[in-house]
Amino acid sequence: MFSFPISLLLALALLIIIALCSYSSWSKMSISRHPLTAAVLLLVFAIVNAIEGTWALGLQHSWAMYIIVLLLLFSLGLAIAHKVQKTASKALCLPTRKERRQLWLRKMPFLLLHAGIFLVLFGGFFGAPDREDGQVLLEYNVPTHTAYQANDEMLPLPFEMQIDTFYVDYYADGRSPKQFTTRFTIREIGKTMEPRQGKAHTDKLLLTTAVNHPCSYRGYHFYQSNYDPVRGEYSVLKVVRDPWIAVVWIGIVLLAIGACWQTTHQWKAHWGWWLAVGIVTIAFTVITLAKINFGTLMPALRSAWFIPHIGVYMIAYSLLAVASILGIIMLVNLSLNKFDNTKLHHLLMGLLQTSSCLLLMGMLCGAVWAKQAWGDYWTWDPKECWALATWMLTLIGMHLKCPGAQASPPAKKVLLVVFVLLSFAAMQMTWYGVNYLPSAEVSLHTYGR
């Protein structure tokens with residue numbers, strides 16, 4: 001019902017509403033761009049993701065989720081417009097070009113991160129109705145031009161596909177699969193293909209796809225999905241066409257740049273804190289990697305994104321663990337009312353912000369990896385949902401420290417510690433707790449099964 005051109009018209013309508021509201025006097029009084037409003041929306045979204053990650057209820061397809069995403073987009077749009085207007089006004093009052101450039105550079109991480117989140121949500125939300133996603137069963141000597149969607153509905157393709165060869169590469173033991181590869185031909189229905197340079201004329205095109213190595217044709221992307229494990233007589237490919245994917249990729253790039261920018265000059269801590277983070281990182285990494293048999297690594301894990309994804313997450317988890325210990329110390333100090341917690345508060349905020357940026361980068365690495373392996377950068381997998389909930393809880397703590405958040409200093413510090421501890425608890429669920437939840441049965445991340 002909401003596919004193109006309705007999806008495009010609705011997207012343009014939202015942008016126009018945001019633009020009109022941002023330049024009206026109403027926006028100056030609006031709570032839509034207020035940090036506390038953002039914190040509330042993030043908290044609701046985090047709770048919904050935690051519920052979905054626990055029971056896999058399909059909440060992403062509910063009207064409640066649609067409303068939450070639209071409110072987040074509206075709030076993000078107003079926040080970005082307000083920051084641009086405010087920075088431009090300040091820049092006009094500065095006497096030199098250097099000072100104006102430095103002002104914009106200071107605000108750039110905020111703009112990049114918020115614009116990146118906006119574009120990822122925007123492209124994913126409005127592009128969902130236009131996305132085509134199905135499975136194609138390829139058999140020898142049986143051409144087909146039909147894919148089947150998750151609801152078993154047929155998805156006609158504008159070309160015909162037929163398997164050429166399928167083979168499995170094994171490790172040295174001869175039993176453990178190292179890679180699955182399918183070579184298949186594509187023939188346009190009712191058309192004649194142009195001959196390639198230096199090759200004889202043919203009406204077929206030969207393509208090759210393997211796990212983590214998709215191929216594409218005319219906007220369609222093909223991913224190795226399944227195969228006949230007994231006789232190898234068929235191969236199953238996932239076919240994806242997403243016209244809005246460019247918007248999402250731009251958002252991911254902006255998020256990556258913003259997160260790196262924010263992390264590089266986040267905070268300076270005593271060498272002792274870096275030592276503590278390093279020790280915890282090593283411990284987390286050893287515990288995680290000890291469960292993985294690298295000698296017979298399954299094909300989905302054989303990716304260049306494996307090390308960045310795991311490594312960044314381990315550092316983020318370590319920062320969050322140290323921040324949790326620091327938060328407990330701060331709560332004890334506040335209850336005793338004996339010590340000045342200003343330094344602890346700044347250090348805790350630095351740990352939280354850095355951990356949040358690294359959690360984001362870990363998710364982005366995982367999203368790109370998932371897109372290469374399975375054709376989806378986000379599948380609402382239980383581990384993905386809990387990872388998103390963890391990141392959002394860290395964002396709430398950061399929003400509560402904003403000047404717009406009206407609370408007394410002690411209350412701010414207590415709230416900050418509360419969300420640090422909640423983030424650490426959610427991280428435990430992300431790391432290993434999801435394996436014991438009801439949703440684990442549908443998770444792609446339970447590789448041990």
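Since the model is a prediction, treat every value here as computed from it, not as a measurement. FYI, side chains are in, hydrogens and waters are out, and symmetry mates aren't considered; it's all heavy atoms of this structure.
Across all their heavy atoms, S355 and A316 have their closest contact at OG-O, 3.1 Å. Closest of all the heavy-atom pairs between A210 and T181 is CB-OG1, 3.7 Å. Taking all atoms of both residues into account, the shortest heavy-atom contact from F284 to S318 is CD1-OG, 3.6 Å. Between A11 and F122, the shortest heavy-atom contact is CB-CZ, 3.3 Å.
How far CD of E52 is from SG of C385: 5.0 Å, rounded to the nearest 0.5 Å. Atom-to-atom distance recorded for L437:CG and K383:NZ is 10.0 Å, nearest 0.5 angstrom. The CG atom of L421 lies 8.5 Å from the OG atom of S423; values are rounded to the nearest 0.5 Å. With values rounded to the nearest 0.5 angstrom, T37 atom OG1 is found 10.0 Å from L78 atom CG. One distance of note links CG of L319 with OG1 of T281; it measures 6.5 Å at 0.5 Å rounding. Summarising the geometry, atom CG belonging to L255 is positioned 12.0 Å from atom CD belonging to Q262; distances are rounded to the nearest 0.5 Å.
E132 and Y220 share a side-chain donor-acceptor pair at under 3.5 Å. Side chains of Q353 and S356: a donor-acceptor N/O pair is absent below 3.5 angstrom, by distance only. Inspection of the S439 and T54 side chains reveals no N or O donor paired with an N or O acceptor under 3.5 Å. No donor-acceptor contact under 3.5 angstrom links the side chains of T379 and D376, judged on distance only. A side-chain donor from one of T182 and Q224 sits under 3.5 Å from a side-chain acceptor of the other.
Taking the charged nitrogens against the carboxylate oxygens, D130 and R241 have no contact shorter than 4.0 Å, which rules out a salt bridge. Residues D133 and R131 are paired through a salt bridge, judged by an N-O separation under 4.0 Å between the basic side chain and the carboxylate.
Under a 3.5 Å cut-off, the side chain of N212 and the backbone N or O of L301 do not form any donor-acceptor pair. Checked by atom type and distance alone, the side chain of S22 pairs as donor or acceptor with a backbone atom of A19 at under 3.5 Å. Put simply, the side chain of R100 never gets that close to the backbone of L92: no donor and acceptor are under 3.5 Å apart. A donor-acceptor pair is defined here as one N or O able to donate and one able to accept, closer than 3.5 Å; such a pair exists between the side chain of W369 and the backbone of A300. Y223 places no side-chain N or O within donor-acceptor distance of the main-chain N or O of C215, the cut-off being under 3.5 Å. Between the side chain of Q179 and the main chain of V211, a donor-acceptor pair closer than 3.5 Å is present. The backbone N or O of E99 sits less than 3.5 Å from a side-chain atom of T96, completing a donor-acceptor pair. Without hydrogens or angle criteria, K107 side chain to T87 main chain gives no donor-acceptor distance under 3.5 Å.
Between Y377 and W249, the two ring planes are tilted [angle within 30° to 60°]. Ring-plane geometry between Y313 and Y317 is classed as tilted, the angle between the planes lying from 30 to 60 degrees on a 0 to 90 degree scale. Between F180 and F166, the two ring planes are parallel [angle under 30°; tilted spans 30° to 60°]. The aromatic rings of Y66 and W63 lie perpendicular to each other, with more than 60° between the two planes, well past the 30° mark.
Both cation-pi conditions hold for K83 and F110: the charged atom is under 6.0 angstrom from the six-membered ring centre and inside a 45 degree cone around its axis.
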